[in-house]
Each structure stands twice: as structure tokens, then as C-alpha cells.
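Written out below as C-alpha cells is the structure these notes cover.
Since this is a predicted model, take the numbers as computed values, not measurements.
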Amino acid sequence: MAIDSITSQTLALAGVVQTAYLVDQIARTGTAPAESINPSLNSLFAFDANSTEAVYSGIHGVKLGLQVLTDILNGDKRQQYRTIIRYTLGMLYLQKKLSANDELLNIMRSRLEHTSIKAEHFSNNPASIAKSIAAIYQDTLSTYKFRIQISGSMQQLQNSQNADTIRALLLAGIRSAVLWRQTGGRRWKLMLNRRQLLNSARELLSTF
């Protein structure tokens with residue numbers, strides 16, 4: 001499949017939606033599928049990827065995000081996914097603020113490069129690296145007045161490992177939001193290009 005700009009935007013947006021979905025799952029239940037968490041977190045270390053799909057180690061890396069994005073764009077389950085939509089829009093907003101702060105971007109890049117050394121040993125246990133990524137999120141994006149308010153079970157949110165994974169996933173989602181913007185995505189285009197994005201997501205899912 002040739003990767004055009006709409007396809008690239010769809011993959012990147014699916015990356016944002018996937019992290020939003022995973023954050024919601026962890027916040028409510030304390031669990032989420034490792035096969036989706038791993039490519040999301042590993043996307044933070046794809047510094048020199050030569051394509052959008054390569055950021056996620058292939059299209060399969062955002063399969064969950066494509067499924068959820070399809071449901072949202074189709075409109076059938078929009079109410080069911082209202083929290084995920086809120087998280088997604090929050091990450092798009094933070095990305096826009098971050099893009100105007102070169103100093104913070106440089107700090108994040110430097111710290112992620114350092115953390116990527118640990119990530120070489122990253123397996124199916126995301127907790128081993130999530131704490132380091134969460135610290136980067138806290139020291140950078142948490143300094144903004146705007147915060148993404150996470151809803152869920154107080155028991156799950158007070159669990160330090162869950163909190164680290166949630167922060168790490170939010171950073172990964174914002175990384176996908178950066179990619180979405182780099183491929184031409186804009187918030188005002190979400191409704192304008194909804195049908196194109198939906199068709200693209202369906203076409204990508206049909207490859208599995």
C-alpha cells in the first residue's frame with residue numbers, strides 16, 4: 001500500500017487515539033494489552049524513522065488505535081468513547097503548545113535519547129521503562145497550566161506503576177500528535193476530512 005498524506009495522518013491520529021484508549025483502560029481497570037502499549041511507548045524512541053508506519057514498527061503497532069478511531073469517526077460509539085475523545089483532544093492541544101517551545105522540545109529529545117539506552121532491553125514488561133518516561137512528562141508537560149484530567153478508579157490511579165504508565169502513554173500520544181501535525185493534520189481538518197480519515201482507517205484495517 002502506498003502511503004499518502006491522508007494515510008500518514010490516519011496512522012499518526014490512530015497513534016494518539018490508541019494511547020488515549022490505553023490510558024482510559026489503565027485508569028479504570030489497571031490493565032491494558034502489552035501488544036498495544038509496547039509499540040506506543042517504543043514510538044518515543046523512533047528518532048530517525050523514515051516513514052509514519054516505521055514509528056510504530058509497522059501498521060500493526062496501531063491496530064487498536066485504528067479500530068477505535070474507526071468507531072469514533074463512524075459516529076456509532078462516539079458517546080461510549082467520550083473520555084477517549086477528551087484525552088485525544090487534550091493531547092493535540094498540548095502538542096500545539098509544545099511545538100512553540102524549542103527549549104522544552106530539546107530537553108525532551110535529550111532525555112528520551114538517554115532513556116532509549118534502557119529501552120534496548122525493553123521487552124513485554126513496559127513498567128521497566130515507563131517510570132523514566134513518566135519522569136520526563138512530569139518535568140516538562142506537567143509544567144503547563146493545562147492538564148489532562150484523568151478519570152477512573154481511585155484505587156488504580158493511586159497505584160504508582162499505573163500512574164507512571166499513564167504519564168508515559170500521554171507522552172507517547174503527544175509524540176504521535178507531533179507526527180500527525182508533521183504529516184499535515186490540523187484540528188480544524190478533523191471534521192472536514194472525517195470521511196477520508198474513516199475510509200483510510202478502514203482500508204488500513206483491511207490489511208490485517
Spell out, as yes or no, whether a donor-acceptor pair under 3.5 Å connects the side chain of S110 to the backbone of I107. no
Would L11 end up clustered with F208 when hydrophobic side chains under 4.5 Å apart are linked, directly or stepwise? yes
Polar side-chain atom of S142 near backbone of D139 as donor-acceptor pair, under 3.5 Å: no
For A27 versus S151, what's the shortest heavy-atom pair and its separation? CB-O, 3.3 Å
Please, which pairs that meet side chain to side chain donor-acceptor pair (under 3.5 Å) have at least one residue in residues 173-187, sequence neighbours excluded? Y56-S176
Given side chains that start at C-beta, do those of T19 and Y87 come closer than 4.5 Å, heavy atoms only? no
Only one of N106, L105, N101 passes side-chain contact (heavy atoms from CB on, under 4.5 Å) with E103, and that residue is N101
When rounded to the nearest 0.5 angstrom, what distance separates CD in Q196 from OG1 in T7? 10.0 Å
Considering the options N199, N193, L197, which one meets the side-chain contact (heavy atoms from CB on, under 4.5 Å) requirement together with R195? N199
Can you give me the closest heavy-atom contact between A12 and T52, atom names plus distance? N-CG2, 4.2 Å
Look at the side-chain heavy atoms of Ile, Leu, Val, Met, Phe, Trp and Tyr, link any pair under 4.5 Å apart, and say whether F47 and L171 land in one connected group. yes
Pairwise distance CG(N162) to CD1(I150) - rounded to 0.5 angstrom: 12.0 Å
Set of residues satisfying side chain to side chain contact (heavy atoms under 4.5 Å, CB included) with respect to F146, sequence neighbours excluded: Y93, L94, I148
Between Y21 and S36, is any pair of side-chain heavy atoms under 4.5 Å apart? no
What pair of heavy atoms forms the shortest contact from G30 to Q156, and how long is it? CA-OE1, 3.2 Å
Answer yes or no: is there a side-chain heavy-atom contact under 4.5 Å between Q161 and K131? no
Closest non-hydrogen contact found for V16 with G173 is CG2-O, 3.6 Å
Pairwise side-chain contact, L92 with L190, heavy-atom cut-off 4.5 Å (strictly under): yes
So R167 and I133, side chain to side chain contact (heavy atoms under 4.5 Å, CB included) or not? Walk me through it. CA-CA 8 Å; R167 291 188 184 103; I133 300 172; over 6 Å; no
Let me confirm one number: the OH-CD1 distance from Y137 to I174, rounded to the nearest 0.5 Å. 5.0 Å
Apply side chain to side chain contact (heavy atoms under 4.5 Å, CB included) to L98 and M108, showing your working. CA-CA 10 Å; L98 181 63; M108 289 174 66; 3.7 Å; yes
Take Y144 and L104, measure what side chain to side chain contact (heavy atoms under 4.5 Å, CB included) needs, and give me the verdict at the end. CA-CA 11 Å; Y144 286 122; L104 213 54; 3.7 Å; yes
Quick one: does T115's side chain have a donor or acceptor within less than 3.5 Å of a partner on R111's backbone? yes
Kindly indicate whether the side chain of I166, heavy atoms from C-beta on, has any atom under 4.5 Å from the side chain of L157. yes
Shared-cluster residues of W188, by chain and number - hydrophobic side chains joined below 4.5 Å: L192
Within the structure provided, determine whether E113 and F45 are in side-chain contact (heavy-atom separation under 4.5 Å). no
Single-linkage hydrophobic cluster, 4.5 Å side-chain cutoff, V178 and I136 together: no
Would you say the side-chain atoms of N42 pair up with the backbone N or O of N38, donor to acceptor, closer than 3.5 Å? yes
With sequence neighbours excluded, what pairs up with A32 under the side chain to side chain contact (heavy atoms under 4.5 Å, CB included) test? L22, Q25, I26, I37
Evaluate R28 against S153 for side chain to side chain contact (heavy atoms under 4.5 Å, CB included), listing each step before the verdict. CA-CA 5 Å; R28 290 188 300 104; S153 158; 5.7 Å; no
Name every donor-acceptor pair, under 3.5 Å, that has one atom in a side chain of residues 57-71 and the other anywhere in the protein, sequence neighbours excluded.
unit_1: H60; atom_1: NE2; unit_2: S57; atom_2: O; d: 3.2
unit_1: T70; atom_1: OG1; unit_2: L66; atom_2: O; d: 2.7
unit_1: D71; atom_1: OD2; unit_2: Y81; atom_2: OH; d: 3.3

All heavy atoms of V17 vs all of I84, minimum pair found to be O-CG2, 4.1 Å
Main-chain N/O of G184 paired with K189 side-chain donor or acceptor, under 3.5 Å: yes
Go through the structure and list residues passing side chain to side chain contact (heavy atoms under 4.5 Å, CB included) with Q158, not counting sequence neighbours. M154
Might you confirm whether atom CD of Q80 has over 12 heavy atoms from other residues, nucleotides or ligands at distances under 6.0 Å? yes
Residue pair I6 / T10: nearest heavy atoms and the distance that separates them: O-OG1, 2.7 Å
